[in-house]
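The next block holds one structure in the form of structure tokens; read it before the comments.
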Amino acid sequence: MSCVTTNKARCQDCHRCIRVCPVKAIGLRHGQCWVVAERCILCGACLRACPQKAKLVANATDRVRQLIAAGRPVVASLAPSYPAAWSRPGQLVAALRRLGFTAVEETAVAAAPVAETYRQRFAASTAPLISACCPVVVELIESRFPSLIPYLAPSASPMVAHASDLAQRRPEAAMVFIGPCIAKMQEAQRTKTQGRVAAVLTFDQLASWLAEEGIDPAQLPEEQPDLVAGLLATFPLTRGIRQAAGLSSLPSAQLISVDGLDGCLETLSDLASGAIAPGPVFFELLACRGGCIGGSGLSSPLGLVARHQAVVAHARECPAQPYRPAEVAACFAAQTIDAPQPTDEQMREILSRIGKRSPADEKNCGGCGYSTCREKAIAVHQGLAEPEMCVPYMKAKFETLAHAVVDSSLSGVVIVNGQMEIQEFNPAANRMFNPGGLDPKNHSLGTFLDPADFQRVWERKERIVAKRVVYPHHNLVTSQTIYPLENYGMVVGLITDITDQESRAQAEAELREKTVEKATAVIKNQMRLAQEIAGLLGEATSESKATLLELVALLTSREEG
């Protein structure tokens, strides 16, 4: 399981995390992004980029609380970048003791044997040597560039070295690493730490915990850590490793310092391909800009330069105490990633599903989060992407659908702008008002029909609903609904031809009128006959007369209605 997960309720299908992920370890299913654990290198790029804060980092705060509550000695191993997160580092040390930590030690105290290993290894090497302190770089090499594993320095990181040393000094104690790097969580879970790192917290998680407990470091007097690293505290800064290893005096051609994941990827790619000569060159690679002070678990209003200065100032002000832990060796192994590649036929089929039937159709716009259409198609084949992620394809699809709906409408659809220039004139409107077949696009509406009602709707921003309008010169009777689209600066008219309905209604009215005339004639004739034989029919005549008069009244009332 990845240390980074997605809150589905917050994920808004924006594809930004896919776009920024350098190793494309983000999948998309049913519009929801998810982290592919076996591909994730925990660089934190998605955490920084997500506008909805939908990416969540595993939080071990409750576990640390339980360790402290159980009465077991718990030692805080404080990453050397902490002065970049708190303006007065000693106050943070005091706050950690208020939380219940038995001791607070700077992780960088364990950097000395690591740096010494680097120096000795490089002095005896005829091949490149890559620093192995950054867990993101290590994950990257093991999973993406396994051919470079022999070049990794065979030494554990200061965190692991510190944990190993503490286990020897205080076997009953639990060590909690606190730093700016979420990748340290995965490093702590690997077998090489042998469970000696009990938990990992980021600086941001620590800040939240302090706030929950109502502890404000700014209100506390400063205190010194139990173990101070001194100048070794600059270890996580750009060029800090090579300085600690005593390599800075070497020619610049033999020292390459790269900070930032893009630069690390480029360097490793060139080294793996042979573009960089495989001579004795020391590669100090740090995945975050500026080194660990740019970690994704460290939020600060300060820029990188100010953070750098804060770490250096603290290192100079606090001399190291006599202390030297033992060296801890490390070994690395290639990680297998299941990434099936599509055949040429499968590639063509996937591309054709999103309208990419020729190279000219491949826009490579990056809207889906992938650099090219083919890269996205590979992700579809691997189950990490959906065809609907293609922005140009979906836009064209919906535009085609919208045009199909408008074009197939039995009512005339007329859309004009504020200048009464035609933007849309569907086939039904053409049949009614454009028998000559003139292209109506961008013509004045007045060329085809009276624009007065459209102009009124535009000016007053009010609707006209089911208004009967007759066009004698077109032999048309219409029902018109006209309304404004203010956000688009348009007016839409829906015009229904009701000529046939009106003709049928008129024919029915004429039929009713003739029926009334005939009924009236019959009644008059009956009345005349009734008068002649009144004496014979008597009371029955009066009833017939009343019935016939009611019939006339009924027919007349229907005609009037």
Side-chain angles (χ1 to χ4, degrees), residues 12-15 30-31 51 353-356 361 363 365 367-368 386-509:
Q12 299 297 313
D13 193 17
C14 68
H15 303 171
H30 306 308
R353 283 161 57 190
I354 54 176
K356 316 297 183 186
D361 296 327
K363 305 301 182 185
C365 66
C368 61
E386 298 176 327
E388 293 76 15
M389 291 166 63
C390 180
V391 176
Y393 168 69
M394 294 305 295
K395 179 182 177 183
K397 181 178 179 179
F398 282 117
E399 286 178 350
T400 300
L401 178 61
H403 283 300
V405 171
V406 171
D407 289 348
S408 63
S409 174
L410 299 178
S411 296
V413 178
V414 178
I415 303 177
V416 298
N417 59 21
Q419 291 72 47
M420 298 296 110
E421 296 170 337
I422 295 173
Q423 307 300 302
E424 183 66 55
F425 212 74
N426 77 337
N430 275 299
R431 285 194 297 272
M432 286 186 275
F433 303 106
N434 188 19
L438 177 68
D439 183 4
K441 187 76 171 180
N442 295 323
H443 274 70
S444 172
L445 181 61
T447 305
F448 302 93
L449 64 151
D450 186 356
D453 286 338
F454 283 78
Q455 189 68 49
R456 172 184 152 198
V457 168
W458 171 253
E459 293 173 353
R460 301 182 183 181
K461 300 297 186 286
E462 61 183 22
R463 290 171 174 253
I464 293 176
V465 180
K467 179 180 179 181
R468 182 177 179 274
V469 181
V470 180
Y471 298 94
H473 56 292
H474 288 298
N475 294 319
L476 277 176
V477 181
T478 65
S479 175
Q480 300 187 2
T481 295
I482 306 172
Y483 57 91
L485 288 178
E486 295 185 53
N487 291 339
Y488 297 91
M490 301 287 177
V491 175
V492 179
L494 304 178
I495 304 175
T496 303
D497 183 356
I498 60 172
T499 305
D500 290 343
Q501 297 175 29
E502 291 267 329
S503 297
R504 286 195 296 271
Q506 184 176 354
E508 291 174 0

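One-based numbering along the sequence shown.
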Using side-chain contact (heavy atoms from CB on, under 4.5 Å), reason through L449 and I495 one step at a time and then give a plain yes or no.
CA-CA 11 Å; L449 64 151; I495 304 175; 4.0 Å; yes
For the student: nearest non-hydrogen atoms of H474 and M432, plus distance:
ND1-O, 3.6 Å
Just by distance, do the side chain of K441 and the backbone of Q423 share a donor-acceptor pair under 3.5 Å?
yes
Hey, could you give me the OH/CG distance between Y471 and D497, rounded to the nearest 0.5 Å?
11.0 Å
Assess whether side-chain contact (heavy atoms from CB on, under 4.5 Å) is satisfied between H15 and M389, documenting all intermediate values.
CA-CA 8 Å; H15 303 171; M389 291 166 63; 3.8 Å; yes
Which value, rounded to the nearest 0.5 Å, describes the distance between R460 atom CZ and Q455 atom CD?
11.0 Å
Main-chain N/O of V406 paired to S409 side chain as donor or acceptor, under 3.5 Å
no
Name every donor-acceptor pair, under 3.5 Å, that has one atom in a side chain of residues 410-417 and the other anywhere in the protein, sequence neighbours excluded.
| residue | atom | partner | partner atom | Å |
| --- | --- | --- | --- | --- |
| S411 | OG | T496 | OG1 | 3.0 |
| N417 | OD1 | Q419 | N | 3.0 |
| N417 | OD1 | M420 | N | 3.2 |
| N417 | OD1 | E421 | N | 2.9 |
| N417 | ND2 | E421 | OE1 | 3.0 |

Test side-chain contact (heavy atoms from CB on, under 4.5 Å) on T499 and N475 and set out the steps.
CA-CA 8 Å; T499 305; N475 294 319; 5.9 Å; no
Return yes if some donor-acceptor pair links the side-chain N/O of N430 with the main-chain N/O of N434 below 3.5 Å, else return no.
no
Kindly give the heavy-atom pair with the smallest separation between A466 and S479, and that separation in Å.
CA-OG, 3.6 Å
Report the residues that fulfil side chain to side chain contact (heavy atoms under 4.5 Å, CB included) with V470, sequence neighbours left out, ordered by chain and then residue number.
R468, P472, V477
How many angstroms lie between atom CG of L494 and atom CD1 of I464, to the nearest 0.5 angstrom?
12.0 Å
Could you tell me the separation between the CG atom of L476 and the CD atom of E502, rounded to the nearest 0.5 Å?
11.5 Å
Would you name the heavy atoms of D361 and K356 that are closest together and state the gap between them?
O-CD, 3.1 Å
Residues pairing under ring-ring contact (aromatic ring centres under 6.0 Å, His included) where one sits in residues 438-470, two or more places apart or in two chains, turn out to be F425-F448
Nearest heavy-atom pair of P451 and G446: which atoms, and what distance?
CD-CA, 4.1 Å
Determine, step by step, whether V492 and L485 satisfy the side-chain contact (heavy atoms from CB on, under 4.5 Å) criterion, reporting the C-alpha distance in whole Å, the side-chain angles of both residues, the deciding distance to 0.1 Å, and the verdict.
CA-CA 7 Å; V492 179; L485 288 178; 3.6 Å; yes
Nearest 0.5 Å, please: how far is NZ in K467 from CD1 in I482?
7.5 Å
